[in-house]
Amino acid sequence: MDDIPTKTLIKAFIADMDPFKKNLIKVFIAIALLMLIYKYI
C-alpha cells in the first residue's frame with residue numbers, strides 16, 4: 001500500500017467516481033477559491 005504514489009491513488013479515486021460527484025467537487029472547489037479570493041480583495 002505504501003509504495004503506491006498518492007497521485008495514482010487520487011487518479012484512481014477520481015476515475016471511480018460518477019460524473020455527478022465530480023461536478024459537485026468542482027463546484028465546491030470553485031466556491032472555496034472564490035471565497036478565498038474575495039477575502040483578500
Side-chain angles (χ1 to χ4, degrees):
M1 191 72 188
D2 288 338
D3 57 354
I4 300 169
T6 311
K7 275 187 183 175
T8 308
L9 279 176
I10 292 167
K11 277 182 187 172
F13 180 71
I14 290 167
D16 202 45
M17 288 191 306
D18 53 312
F20 180 68
K21 279 185 188 168
K22 280 188 193 176
N23 284 340
L24 269 181
I25 289 169
K26 279 181 191 170
V27 168
F28 179 75
I29 291 168
I31 291 169
L33 283 172
L34 279 171
M35 284 171 73
L36 278 172
I37 292 165
Y38 190 70
K39 263 189 185 175
Y40 290 110
I41 286 175

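As a basis for the values below, the full set of heavy atoms in this structure was taken, side chains included, without hydrogen atoms, waters or symmetry mates.
Partners of Leu24 by side-chain contact (heavy atoms from CB on, under 4.5 Å), not counting sequence neighbours, listed by chain and number: Phe20. Applying the side-chain contact (heavy atoms from CB on, under 4.5 Å) criterion to Lys21, with sequence neighbours excluded, gives Met17, Asp18.
Phe28 and Leu36 fall into different hydrophobic clusters, where Ile, Leu, Val, Met, Phe, Trp and Tyr side chains are chained together by heavy-atom contacts under 4.5 Å. By the criterion of side-chain heavy atoms lying less than 4.5 angstrom apart, applied directly or through intervening Ile, Leu, Val, Met, Phe, Trp or Tyr residues, Ile25 is grouped together with Leu33 in one hydrophobic cluster.
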